[in-house]
Amino acid sequence: MLTRIMHLLQMTDSTFPVGTFSFSNGLETASHSGIVHDAETLRQYTRSVALQAAMTDGVAALAAHRAALSGDMDAVRLADSHLMLLKMNDEARMMLQRMGKKLAELAVKLFPDDELMARWLHDINEGTTPGCYPIAQGLAFAKCGLGEEELFASHQYGVVNMVLGAALRCVRVSHYDTQLILQELSAEVPELYAEAREMKFEDMNAFVPEMDIFASLHEKGNMRMFMN
């Protein structure tokens, strides 16, 4: 039990070397445009990001976790391809693929006996699958003996924390503000999980057009602290 908790903390920690600090999920453009300018607008923006992620990335991560437990590599690839189809802007696709490959490379080092993860990394390197981060999370959590609830909570924490961490660098908010937002949004995770765990690929939805507009503007912007 304690080892599982340690694994959960390790893979949820903001210092876990997969590059989350490099991206802002469109927040940089939203801030520069004045759309997100204080704690309240940051809360609204972060909640939108968390909701979109739960209904897309979260569903795919759970599907990958289930596939990993049954050793079904075809089902893992299917979850990966369905998730990539829902990413409408280049920045989102790059973010998921860069972080996914980094996690796969790290997981192969951490679990050298895991044939499924080794095959997954091989497929990424061969270009036969996109290699999205939530899919790699599902595989890694299954290997660690962590369940679906831990996986979903870790995923949601990572998404929210990515935005809030970026906000400290580009929005006029304090650590107190961001922690209050994190606490509020954490209370919504059980309800999101209850919905996401019953969803199939055809139920996934990602319609938050404002965020895709912010991402497209960020790709062409001159002022940039985060990757595009």
Side-chain angles (χ1 to χ4, degrees), residues 7 11-12 18-20 23 25 49-108 110-159 162 189 192-208 211-212 215:
H7 283 317
M11 288 190 285
T12 307
V18 292
T20 57
F23 299 93
N25 261 301
V49 173
L51 179 61
Q52 185 190 51
M55 299 299 105
T56 55
D57 301 32
V59 176
L62 295 175
H65 185 273
R66 294 164 187 167
L69 291 177
S70 62
D72 189 344
M73 195 62 188
D74 289 336
V76 172
R77 296 190 191 99
L78 186 63
D80 196 36
S81 61
H82 272 279
L83 179 56
M84 185 55 68
L85 288 173
L86 290 171
K87 300 304 172 179
M88 300 181 65
N89 60 79
D90 288 337
E91 186 166 310
R93 290 192 288 269
M94 185 186 75
M95 177 177 72
L96 289 192
Q97 288 180 282
R98 283 198 179 185
M99 290 168 54
K101 185 175 182 180
K102 284 187 177 181
L103 178 52
E105 290 171 343
L106 180 59
V108 167
L110 294 174
F111 314 115
D113 62 330
D114 188 349
E115 294 183 6
L116 197 67
M117 186 62 78
R119 288 171 59 195
W120 175 245
L121 179 59
H122 176 268
D123 286 351
I124 294 173
N125 288 330
E126 291 295 309
T128 58
T129 196
C132 295
Y133 181 62
I135 307 304
Q137 283 183 300
L139 298 179
F141 273 61
K143 177 62 180 178
C144 290
L146 294 165
E148 289 190 4
E149 290 187 349
E150 290 107 327
L151 168 61
F152 192 83
S154 177
H155 169 262
Q156 285 294 108
Y157 177 85
V159 169
M162 183 191 304
V189 172
L192 291 175
Y193 170 68
E195 183 176 356
R197 70 182 179 184
E198 301 297 331
M199 292 173 64
K200 301 186 184 304
F201 293 138
E202 58 266 27
D203 301 320
M204 295 196 298
N205 56 87
F207 190 69
V208 188
M211 287 169 50
D212 286 310

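In this chain, numbering begins with 1 at the start of the sequence shown.
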Open item on the list: Applying side chain to side chain donor-acceptor pair (under 3.5 Å) as the test, list every pair that has at least one member in residues 150-159; sequence neighbours left out.
Closed with: Arg4-Glu150, Thr12-Ser154

Task: Shortest non-hydrogen contact from Ala75 toward Ala67 - done: CB-CB, 3.6 Å

TODO: Would you please test Trp120 and Met73 for side-chain contact (heavy atoms from CB on, under 4.5 Å) and show each step?
DONE: CA-CA 8 Å; Trp120 175 245; Met73 195 62 188; 3.6 Å; yes

- [ ] Kindly give the heavy-atom pair with the smallest separation between Ala104 and Ile124, and that separation in Å.
- [x] CB-CD1, 4.0 Å

Task: Residue from Asp80, Leu78, Val76 passing side-chain contact (heavy atoms from CB on, under 4.5 Å) with Thr129 - done: Asp80

Task: Between CZ on residue Phe111 and CG on residue Leu106, distance to nearest 0.5 Å - done: 8.0 Å

Open item on the list: Quick check for you: to the nearest 0.5 Å, what is the distance between Leu139 atom CG and Ile135 atom CD1?
Closed with: 7.5 Å

Task: Pairwise salt bridge (Lys or Arg N to Asp or Glu O under 4.0 Å) hits with a residue in residues 113-128, at least two apart - done: Arg77-Asp123, Asp113-Lys143

Task: Sequence neighbours excluded - salt bridge (Lys or Arg N to Asp or Glu O under 4.0 Å) pairs with any residue from residues 193-208 - done: none

Open item on the list: Arg66: which residues meet the side-chain hydrogen bond (donor to acceptor under 3.5 Å, both in side chains) condition with it, sequence neighbours left out?
Closed with: Glu148

TODO: Quick one: closest heavy-atom pair of Met117 and Ala136, and the distance?
DONE: CE-O, 4.0 Å

Open item on the list: For a 4.5 angstrom cut-off between non-hydrogen side-chain atoms, does Met11 reach Cys144?
Closed with: yes

Open item on the list: Using the side-chain hydrogen bond (donor to acceptor under 3.5 Å, both in side chains) criterion, which residues pair with Arg93? Sequence neighbours excluded.
Closed with: Asp90

Open item on the list: With a 4.5 Å cut-off on side-chain heavy atoms, are Pro134 and Leu83 touching?
Closed with: yes

TODO: Could you tell me the separation between the CZ atom of Phe141 and the NE2 atom of His7, rounded to the nearest 0.5 Å?
DONE: 10.5 Å

Open item on the list: What's the separation between atom CE in Met84 and atom CG in Leu86, rounded to the nearest 0.5 Å?
Closed with: 10.0 Å

- [ ] Could you go through the side-chain contact (heavy atoms from CB on, under 4.5 Å) check for Met95 and Met162 one step at a time?
- [x] CA-CA 12 Å; Met95 177 177 72; Met162 183 191 304; 3.8 Å; yes

Task: 4.5 Å side-chain heavy-atom contact, Thr56 and Asn205 - done: no

Task: ring-ring contact (aromatic ring centres under 6.0 Å, His included) pairs, two or more places apart, involving residues 56-90 - done: His82-Phe201

Open item on the list: Within the 4.5 Å heavy-atom criterion, are Leu192 and Phe152 side-chain neighbours or not?
Closed with: yes

